[in-house]
Amino acid sequence: MIEAERLRKTFGELVAVDNVSFTARGGEIFGLLGPNGAGKTTTIGCISGLLTPTAGRVRVMGHDVARDGVAARRVLGLTPQDIALYEDLSATENLAFWGGAHGLRGAPLRRRIQVVLELTGLQDRAREPVKRFSGGMKRRLNFACGVIHQPQVLLLDEPAVGVDPQSRVRLLELVRAEAQAGRCVLYTTHYMEEAESLCDRLAIIDRGRLIAQGTLPELRAILGERDVLRLTGVFHPERVREALRASDEMEIVQADGSLLTLSLANASARLPQIFATLAGAGAEIRETTLSQPSLESLFIKLTGKELRE
Amino acid sequence: MTVRFLATCALKDLRRLLRDPAALALWVGIPVLVSVLLFLVFGSRGEATPQGRLFVADEDKSFLSSLLAGAFGQGELGNMLITEKVSQADGRRRMNRGDGSALLIIPKGFGQALLDSRPCQLMLVKNPSQRILPGMIEEIVSGVVEAGFYLQALAGDQLRLFAGGPPAGATTFPDETIIRTSVAFNRLGARLSAYLDPPVIQLKTTVVETQGPARTNFAALYFPSMLFMTVLFAVLGLSGDAWEEHRQGALRRLLGTPGGLGPVLAGKVLACTLVFLLVAAAAIACARWLMKVPVTNPTAAVLWTALSGAVLLLLMVLLQLCATSQRTANIVAFLVVFPLGMLGGGFFPFEFMPEWMARLGRLTPNGWALMQLRALLEGPAPLARVAAGFAALAAAGAALFPLALWRLRRISVI
């Protein structure tokens with residue numbers, strides 16, 4: 001279990017993590033979703049002991065990371081965002097080293113190496129130097145080195161970035177298997193779909209602050225039982241706002257010269273009325289998308305910008 | 001856990017070093033190769049004397065010019081110089097090719113001019129790529145010319161008699177002439193003996209006894225320098241590995257492990273020390289059995305070299321980790337290693353340096369370690385002195401380790 005309480009980390013004037021609190025439990029995948037530079041990696045750094053928090057407290061399986069860092073790190077497994085492997089060593093030698101770094105040795109280490117090599121599908125290339133591996137294979141080995149010692153808490157910092165679709169599916173299966181084995185998994189990502197499909201609970205982070213957290217249904221409920229209508233074309237934002245002001249229970253999530261996102265109930269029935277109103281406001285509509293509330297729309301609602309910006 | 005992790009880290013670094021067998025072979029191979037070269041140049045006793053080639057273009061072909069040309073083949077000088085008679089054109093051509101140390105041109109009329117006390121010019125062409133032998137030849141030519149002047153002044157008549165050759169119709173000089181000339185030379189000798197024979201001041205030379213065997217050859221003088229030069233090159237190659245691990249992301253990840261970075265740095269030093277042990281053992285074995293360098297304490301010398309290498313490695317790791325990037329670290333390493341190597345006796349023995357430079361060089365870390373190594377190689381060093389040396393090394397290592405670890409932690413989180 002990970003407990004973060006009012007966690008804060010600053011680098012000079014820059015506040016990278018600001019008053020972040022959450023709890024991730026054993027057997028669940030807790031997602032930290034946010035755009036690049038939101039503070040996800042800094043949060044992971046504070047939990048794993050790579051960085052010392054400026055304020056606040058983190059406990060891992062009851063061990064205070066600041067006071068009892070070694071005990072905390074014993075139960076932690078970390079897969080960093082950047083691949084961290086010895087490229088001149090083989091997969092087996094890398095696993096042996098990272099296992100040894102967590103106190104594994106002898107026959108148990110050798111057994112675990114075989115298990116994770118099979119899990120990650122690298123057994124056929126186990127003796128080759130890592131520098132000959134493809135990007136996807138390196139990602140899988142990077143993950144394997146984080147789980148070699150069967151940690152109770154697993155920190156995965158965007159482990160699937162830059163991975164081909166096949167390797168990504170395999171990696172996500174491995175992550176699910178870790179959670180099913182009772183481990184607490186903290187998973188950071190800026191891929192909304194990945195977070196939606198993988199995580200049991202989620203926290204949305206932006207500019208160092210947690211802006212929402214809960215299960216997926218809980219987060220969707222923030223938007224209400226409303227549809228999200230996304231229109232692209234040519235808009236005059238001020239005239240559009242003026243025209244839609246009169247419409248009841250219609251919320252403008254985002255409006256700019258080329259994109260208009262609305263949150264409203266029973267959207268399909270109200271489409272003709274909306275088109276007419278927008279035409280009256282000088283809008284030229286080219287494409288319309290109607291969808292259920294998503295993390296993307298929630299992020300837009302909460303921050304006023306898209307997740308991929 | 002920490003000791004086991006240290007062993008794991010050392011094993012990891014050894015495996016990585018073995019992935020680059022060419023570098024390892026070079027470090028071990030440099031001293032072996034240089035030993036073989038020194039053996040080929042100086043032989044196993046290392047007593048060979050440098051030999052130069054003097055071309056003599058005798059255009060006079062007189063009795064006196066032959067005497068001058070022959071002077072260079074006499075005594076000790078004859079061991080150092082190969083004198084070869086050539087024509088002036090041939091001599092110049094061969095000098096231009098750099099084949100000789102000097103070309104002495106004796107012009108036509110030299111002998112007669114000497115007998116007549118007329119001015120005459122000898123020409124000496126020196127090879128600019130050589131320094132010692134052409135200088136010696138110049139000194140000798142000056143000496144011989146001076147001797148010729150005095151000989152002419154003292155025994156000009158007799159010389160003129162012989163320079164003119166036998167009387168017409170005879171193939172040899174008459175006995176009477178030879179006897180008269182001998183008597184004249186004897187009288188001259190007796191007259192000069194008061195000035196030449198009994199030296200007024202007597203020089204008494206005392207050889208100070210050294211402890212242990214005296215340094216008998218050039219190879220023995222050069223060997224410790226060469227060994228430390230190799231160690232410095234190995235240090236240069238190995239000390240950048242911390243930045244390399246940082247580049248690969250491993251250091252940052254290691255911060256998240258219970259062992260931390262201490263065993264990582266210690267393991268790296270341990271692995272490199274094993275490399276230094278290998279280098280030192282190979283070099284000292286070569287020196288002992290191939291170059292016949294006297295090695296009094298081989299085990300202590302190997303250990304000393306390896307541990308000195310470890311401390312120099314820590315120093316260099318610390319300096320490199322003070323840099324702001326891997327590129328800057330590389331530049332810093334080169335900027336430090338080469339002057340240290342030159343000043344600290346790694347490139348030339350202290351004996352070949354000006355005194356002030358040698359004094360300064362002995363104060364550098366590698367220069368100090370080199371002097372200790374020489375003491376271990378050359379004689380039965382007192383136990384207390386050896387122990388003090390090792391204690392000083394341990395103290396330096398103990399002081400450098402936490403500093404290097406501190407810097408390693410700093411760059412790990414960048």
Side-chain angles (χ1 to χ4, degrees), chain A residues 9 11 41-42 44-52 60 63 65 68-90 92-106 109 128-131 138 142 145-146 148-149 151 153-155 157, chain B residues 1-24 237-238 240-268 270-272 275 324 326 405-406 408-414:
Chain A
K9 178 67 187 175
F11 298 99
T41 300
T42 307
I44 291 254
C46 291
I47 297 168
S48 60
L50 267 59
L51 299 170
T52 309
V60 176
H63 304 291
V65 171
D68 195 6
V70 173
R73 287 195 288 273
R74 266 197 197 111
V75 296
L76 270 176
L78 169 66
T79 297
Q81 184 178 352
D82 296 321
I83 292 168
L85 299 167
Y86 290 102
E87 298 228 319
D88 35 10
L89 296 184
S90 68
T92 305
E93 288 166 339
N94 266 288
L95 287 166
F97 175 72
W98 292 108
H102 284 93
L104 273 182
R105 53 194 30 85
L109 175 61
E128 268 184 52
V130 171
K131 61 185 165 200
K138 284 181 186 172
N142 200 36
C145 290
I148 179 83
H149 57 295
V153 175
L154 189 52
L155 307 177
D157 191 5
Chain B
M1 163 67 187
T2 306
V3 175
R4 282 182 177 174
F5 184 39
L6 188 154
T8 304
C9 292
L11 189 64
K12 174 259 298 175
D13 280 317
L14 281 175
R15 279 181 173 147
R16 293 178 62 225
L17 284 168
L18 288 172
R19 290 291 185 276
D20 190 4
L24 206 57
L238 294 166
D241 196 50
W243 271 104
E244 184 55 25
E245 283 199 44
H246 175 255
R247 190 190 65 76
Q248 294 185 358
L251 288 185
R252 193 174 167 83
R253 189 175 199 161
L254 277 160
L255 280 175
T257 63
L261 292 179
V264 175
L265 181 61
K268 197 171 289 303
L270 183 59
C272 294
V275 172
T324 49
Q326 190 170 8
L405 185 57
W406 166 64
L408 193 67
R409 286 198 178 113
R410 287 293 292 260
I411 68 153
S412 304
V413 293
I414 295 172

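Chain naming here is simple, since letters A, B, ... match the order of the sequence lines and numbering starts at 1 in each.
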| query | Taking atom NE2 of A:His102 and atom OG1 of B:Thr8, what is their separation to the nearest 0.5 Å? | reply | 12.5 Å
| field | side chain to side chain contact (heavy atoms under 4.5 Å, CB included), paired with A:Tyr86, selected from B:Arg15, B:Arg16, B:Glu244 | value | B:Arg16
| request: Before accepting this row, confirm whether a basic side-chain N of the pair B:Arg247/A:Glu87 lies closer than 4.0 Å to the acidic partner's carboxylate O. | output: no
| Would you call A:Lys131 and B:Arg19 a side-chain contact if the rule is heavy atoms closer than 4.5 Å? | no
| said: Quick one, A:Leu89 and B:Lys12 - any side-chain contact, counting heavy atoms below 4.5 Å? | reply: yes
Listing, residues 250-263 of chain B side-chain donor-acceptor contacts under 3.5 Å, not counting sequence neighbours, or none:
from: B:Arg252; atom 1: NH1; to: B:Val413; atom 2: O; distance (Å): 3.3
from: B:Arg253; atom 1: NE; to: A:Leu78; atom 2: O; distance (Å): 3.4
from: B:Arg253; atom 1: NH1; to: A:Ala84; atom 2: O; distance (Å): 3.1
from: B:Arg253; atom 1: NH1; to: A:Asn142; atom 2: OD1; distance (Å): 2.6
from: B:Arg253; atom 1: NH2; to: A:Leu78; atom 2: O; distance (Å): 3.0
from: B:Arg253; atom 1: NH2; to: A:Asn142; atom 2: O; distance (Å): 2.7
from: B:Thr257; atom 1: OG1; to: B:Leu254; atom 2: O; distance (Å): 2.6

| remark: For A:Gly100 and B:Phe5, the nearest pair of non-hydrogen atoms, with its separation, is O-CD1, 3.9 Å
| message | Counting heavy-atom pairs closer than 4.5 Å to chain B, which one of A:Gly49, A:Ala71, A:Gly77, A:Pro80 comes out on top? | response | A:Pro80
| Which of A:Leu50, A:Thr79, A:Leu51 touches chain B most, by non-hydrogen pairs under 4.5 Å | A:Leu50
| query | Where on A:Ile47 is there a heavy atom nearer than 4.5 Å to chain B: the side chain, the backbone, both, or neither? | reply | neither
| note | Those residues at least two apart in sequence (or on a different chain) that pass side chain to side chain contact (heavy atoms under 4.5 Å, CB included) with A:Asp82 are none
